[in-house]
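First up is the structure itself, then whatever we jot down about it.
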Amino acid sequence: MTRPATPAAPAPSAPAPALAGLRVLDLATLFAGPLAATLLGDFGAEVVKVEHPRRPDPSRGHGPSKNGVGLWWKVLGRNKRTITLDLSTRGGRATLLRLAGTADVIIENFRPGTLEKWDLGWPELSAVNPRLVLARVTGFGQFGPYAHRPGFGTLAEAMSGFAAITGEPDAPPTLPPFGLADSIAGLATAYAVLTALAGRESTGEGQVVDMALIEPILTALGPQPTWYDQLGHVQPRTGNRSQNNAPRGTYRTADGTWVAVSTSAQSVAERVMRLVGRPELVDEPWFATGAGRAEHADALDEAVGGWIARRTRADVLAAFEKAEAAAAPVQDVRDVMADPQYRALDTITTVDDPELGPLRMQNVLFRLSHTPGAIRWAGRPHGADTDEVLTALGLTPAELTALRAEGAL
């Protein structure tokens, strides 16, 4: 389950994980906020997942399940202890403030004003813990004309310009079939939290992270705003083609599979054309730039696609590798699970789970040579650690009973 470390000189003893000692309260749901907490937990942070007693994180019910256990949750909830708490109750509010006093980070994704409605806003939280970092993840941010609208990743994928440039030129704008905006925002939130914690080292004080789903995906789309600002250029939908280079796309092989080819580097583009038997095209004046090649994509695709169509995928990939040209198989999840490079990296690892037994999932995100991350356990049942966590906080059995009677647990 431990992510293999980059080879390094052996250490005399195993060091603590990179984020050991960091305590995170995950109050968020679906999906960016919880993913940020997962990424922190993967490298040793103690993450306590706080869910409503009667309305668990909806990710528990998203997608396929086995024996009534949601499989998405097993990944998103890994390395988290789970407790229940109704923050809208008096006892739930008081307990959250006690937890906040012991935490380094709180991640939440309620609509702006919700925590404030429960008297759990930044003034109250920072009063009990001035060093706290509060990460607030919403669709549109904490202010502005859209701030109070319900926001989901799909809306960010539409608003950011991603959908507008995705798909074939004569087809509708295309949304991704997975949580792209949420995933990018989750990565960005983890980065933002660590940045705020680094700032705390110099100031001694915590702060608020305001993360809007509509912003990180816009950053991932590259220089489009600058192109438009300086040139009035609006990137169109081009399918698998690029306006910046060619040949570029997916090509069908003789055995009915697909490969992807990239020629972002001029030298690679030249190698590809020599490989497919069209070296004369390299001498064309327009071939000297990526934009020039993109303007002649039809001719280049015909040459590359025709060559690939007469060969099996294995033969195509072997020939490209020998020529030091860039190609990869178009893989579905079955191929990914068997891919030798992913196996070498242990990208898909096995986790022993008390509910489901051995199950496979993506490993931690990267390798560290000295303090590697690890999956200590998969997502746990709803509220499984409530008594343990709150007892360690100092609550007595009588207090736990009173909280349950109130409906706070």
Side-chain angles (χ1 to χ4, degrees), residues 24-38 41 47-100 102-103 106-121 124-125 134-139 148 150-153 179 182 353-356 377-409:
V24 179
L25 303 181
D26 175 9
L27 313 186
T29 61
L30 291 180
F31 285 98
L35 176 59
T38 301
V47 181
V48 176
K49 174 73 175 180
V50 180
E51 298 175 82
H52 193 281
R54 293 162 294 281
R55 296 190 298 276
D57 187 329
S59 66
R60 291 182 179 271
H62 261 58
S65 63
K66 181 180 179 182
N67 301 332
V69 178
L71 298 177
W72 200 334
W73 167 251
K74 286 296 178 184
V75 179
L76 192 64
R78 71 193 193 190
N79 292 334
K80 301 178 184 181
R81 294 194 288 169
T82 61
I83 72 170
T84 60
L85 205 59
D86 184 346
L87 304 183
S88 68
T89 64
R90 180 178 298 179
R93 174 186 181 275
T95 305
L96 191 280
L97 287 174
R98 289 179 69 170
L99 284 166
T102 70
I106 292 179
I107 300 175
E108 64 95 0
N109 71 333
F110 301 107
R111 285 199 215 179
T114 301
L115 283 184
E116 287 75 9
K117 179 178 65 177
W118 298 330
D119 293 326
L120 287 170
E124 292 81 8
L125 292 171
L134 174 63
R136 316 194 73 169
V137 186
T138 58
H148 291 278
F152 298 98
D182 275 286
D353 181 66
E355 291 184 286
L356 299 177
W377 61 82
R380 290 174 52 71
H382 181 231
D385 305 292
T386 300
D387 285 10
E388 178 186 348
V389 170
L390 297 186
T391 298
L393 187 65
L395 273 70
T396 66
E399 288 176 305
L400 293 176
T401 299
L403 287 170
R404 285 196 166 91
E406 183 189 356
L409 298 185

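All values below come from the heavy atoms of this structure, side chains included, with hydrogens, waters and symmetry mates left out. In this text the structure is predicted, and so the values were computed from the model without any measurement.
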Locate the shortest heavy-atom distance separating [X] from [Y]; write the atom from each residue and the value.
X    : Y    : result
R111 : P150 : NH2-CB, 3.6 Å
A408 : G92  : CB-N, 3.7 Å
G407 : P53  : O-CG, 3.9 Å
P34  : D57  : CG-OD2, 4.0 Å
T138 : P112 : CG2-CD, 4.0 Å

Going from [atom1] on [X] to [atom2] on [Y], what distance comes out if it is rounded to the nearest 0.5 angstrom?
X    : Y    : atom1 : atom2 : value
L409 : L85  : CG    : CG    : 6.0 Å
W118 : L96  : CH2   : CG    : 9.0 Å
L134 : L125 : CG    : CG    : 6.0 Å
L97  : L87  : CG    : CG    : 9.5 Å
L403 : T95  : CG    : OG1   : 4.5 Å

Just to verify, what does [X] make a salt bridge (charged side-chain N to carboxylate O under 4.0 Å, His left out) with, not counting sequence neighbours?
X    : answer
R98  : E399
D182 : none
D119 : none
E124 : none

Pairs touching residues 70-87 that satisfy salt bridge (Lys or Arg N to Asp or Glu O under 4.0 Å), sequence neighbours left out: D26-K80, D42-R78, E46-R81, R54-D86, K74-D353, K74-E355, R81-E388
Could you check V389 against L99 for side chain to side chain contact (heavy atoms under 4.5 Å, CB included), going step by step and ending with a plain yes or no? CA-CA 9 Å; V389 170; L99 284 166; 4.2 Å; yes
Between the main-chain N or O of T84 and the side-chain N or O of T386, is there a donor-acceptor pair closer than 3.5 Å? yes
Sidechain-backbone polar pair: N67 side chain, V69 backbone, donor-acceptor under 3.5 Å: no
Could you list the residues that satisfy side chain to side chain contact (heavy atoms under 4.5 Å, CB included) with [X], not counting sequence neighbours?
X    : value
T391 : L400
W72  : F31, H62, L76
T82  : K49, E51, R60, W73, R380, A384, D385
A402 : none

Option among L115, I107, N109 that satisfies the side-chain contact (heavy atoms from CB on, under 4.5 Å) test with R136: L115
So the side-chain hydrogen bond (donor to acceptor under 3.5 Å, both in side chains) pairs with at least one residue in residues 400-409 (sequence neighbours excluded) are D387-R404
My understanding is that only residues two or more places apart in sequence, or in another chain, count here; which of them pass side-chain hydrogen bond (donor to acceptor under 3.5 Å, both in side chains) with R55? H52
Could you tell me which residues satisfy side-chain hydrogen bond (donor to acceptor under 3.5 Å, both in side chains) with T29, sequence neighbours excluded, listed by chain and number? none
